[in-house]
Structures are given as structure tokens and as C-alpha cells.
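Below is one structure, written out as C-alpha cells; the observations come after it.
Counting starts at 1 for both ligands and their atoms, in listed order.
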Amino acid sequence: MMPRRISKPVKIGGVTVGGGAPIVVQSMTKTDTRDIKATVRQIKRLEEVGCEIVRVAVPDAQAARALVDIKKQTKIPIVADIHFDYRLALMALEAGVDGLRLNPGNIGEPDKVKKVALAAKEKGVPIRIGLNAGSLPKTDNPKLSIAERMVAAALKQIRFLESLDFDLIKVSLKAFDVPTTIAAYQAIADKMPYPLHIGITEAGTPRTGIIRSAVGIGTLLWLGIGDTIRVSLTAPPREEVFAAYEILKSLDLRQHGPVLISCPTCGRAEADVVKLAQEVEKRLLKINKPVKVAVMGCVVNGPGEAKDADVGIACGKGKGVIFKKGKQVAVVEENDFLEALMREVEGV
Ligand code: SF4
């Protein structure tokens, strides 16, 4: 893995993004922000699974006013996502949000962006310049690629904010197309010092979206690029957080909760490994410690293949071998596979 790009840190509420801080996991609520109760409930559910920053859409004044109560009733930092109307950004700042996400391409005249930047500066609230490939400002150079247009538009906004002596900046350049996204982030990484929020936009349903996101976000992280990540999925937002941590864990960038190792099963399997692995996965959701658990389909290869696990089971015909750190510690009956394994996991 390439060394991490060192960016200028910003604070979103109590969470540091950039400057070598652990890569921050964020998500976005999918409720109508005007429905305070539903939005607060979703934010709390996100917090339970380790989401560190949450973004909420602010499409109108009623949603902006709702932020006051949403802030009062929740703990994790809240970023207000604003399009088109700079006055909503001013209202969100008044409501006490911890960050703003603006798409400068659709906010309009520099004077409006200036008003927002001055108010944000006064409150010490960072602004994410969030470019999306689908909503780029017009260009007079038709030869530029989408990635180059995203970079040019972001740099223009960065220079403008800097001219106002505003440097609480984060940047994102998202596209649905993975190579475009990677090219854009790579191109901007050494052209400015600010932290990068990375992700693949409109990635899709979990089946495809997690793969697109893992490839895009994973490649960027491997290149040392990225300070905070959001996996965008057409799914409940908790799924985005689970996927984000799996990406970070698979690159050894963050530890978060258990890791499940399970064999794919094959003709040697003598038990229903798929069902057992699914049940174990469900039970592990309630466990916070970073424990590696293995579910293997046979006693021939199971213990050897899972020797990195803290606790594992190798299922045989009617009986299974439980092992810890690769060493056998018990033999259990088939109807006790799940409970016996979980008892050992609890005891680690
Ligand atoms: S652990 Fe056994 S059952 Fe599972 S894939 Fe390997 S050989 Fe097949």
C-alpha cells in the first residue's frame, strides 16, 4: 500500500478528518428530514453500528428548521447537504450543524457562496465542496474529460474559498464510473492540501454497489488517498456503514468489530455451512470486539485453512471441532454448533 497522503485536518464536530487521523466512516439518512422523529431514529441506528458522521438532505426551509431538533436529540456530527439555495446553508449553520456539503456548481453567484463561507468561518464549520460528475458546471473546453472537469471545477471553488481566507475545506469528486472517480481523485490529490471524502456515487443496490464501491474506494485507499468514506447504496443506511468497515478492515486500515471467515463449502462439506455462517454473521453483529471467527465445512481442511482465526469451527458429520488460535479445544454435537461457537467467541 502507498503511504497515506497527508492532508490538512478539519474537525466535523468532535471528529477529525484528515491529517493522518483514522479514516472516518460516514453515511446519509434516507428519511424525510422534515420528519424529525424518523430522522433522529435513523441517526441513532447509524450511530449504534459505528457511523461517525451523518449527512442529512436539506431540500427546503422546513428541513433546515428541523435540524435544530435533530441536533438536540442526537450525538454524532451532522452535515447538512445543500443544493441550489444558499439561504438553506445559512439556516443550517444557525441550527448548529457540524459541517456543510455544497455543490458549488448549483449554488450560483460567488456572492452567495461568499455569504455561506463567512458564516461558516465564524462558526468554525467546515464546508465540503462536493462535485458530482452528473451535475458539473458548464465548460468552454470540450476537450476536457469528466475527471478533468471535476478537478477544474473543484479547484476553482477551492481558490475562491481561499480568497475569502476560508480553509476549513473537504473535497469530493464522485462519479458512478469507477475509473473516472479514481482518475479525478488522483489528479486532485497533489494539487491541494485538503482532506478527501471518497466514494462512488449512485453505486446501486448492495449486490453491485458494494462491489463498485469496494473497487473504487479500495483502489484509492491503496493509493494512499482518502480521509473519510461513504459507501452509497440503494439500501438502509446501516448497510453502507457495514460495507464501509469491511472495506477498511480488508485493507487493515481500521479495526471494527468481528471478522467472519467462512469457507465457500464444497463436496467435502458434511454440514449446512451456509446456514451456520449466516447465523453466526447475524450473532456477530451484536459483538463489538475485533475477533476473527471461522466457520469451516470439514475437519480435513477446516482448522488449517482458518489458522488465523481466534475461534473457529470445523464441521464434520454430526459433530464439529471447535478450535482456538488453530488448536482444538472441544468436540460438539451438530445441534450445538452455533451456541458452542458463540460461547467461545464471548470468552475471547
Ligand atoms: S473447509 Fe472443507 S468443506 Fe470448506 S471449502 Fe475447504 S475443503 Fe471444502
Neighbour count above 12 (heavy atom, 6.0 Å) for K114 NZ: no
Whether over 12 other heavy atoms sit under 6.0 Å from D167 CG: yes
Pairwise distance SG(C263) to CZ(R268) - rounded to 0.5 angstrom: 10.5 Å
Top protein contact for [atom], by heavy-atom distance:
| atom | result |
| --- | --- |
| atom 8 (Fe) of ligand 1 | C266 SG, 2.3 Å |
| atom 6 (Fe) of ligand 1 | E305 OE1, 3.3 Å |
| atom 7 (S) of ligand 1 | N301 ND2, 3.2 Å |

Ligand-residue contact atoms, ligand 1 with R268, heavy atoms, under 4.0 Å: 7 (S)
Atoms in ligand 1 flagged as close to A269, the criterion being non-hydrogen separation under 4.0 Å: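 Close to A269: 3 (S).
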Cation-aromatic face contact R212/F176, 6.0 Å, 45 degrees: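 R212 over F176 ring: yes.
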Heteroatom N/O/S of C298 within less than 2.8 Å of atom 8 (Fe) of ligand 1: no
N/O/S from C263 sitting under 2.8 Å away from atom 2 (Fe) of ligand 1: no
Donor on one side chain, acceptor on other, E162 and Y194, under 3.5 Å: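 Result is yes, a qualifying pair exists.
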Check ion pair K44-E47 (N to O, under 4.0 angstrom): no
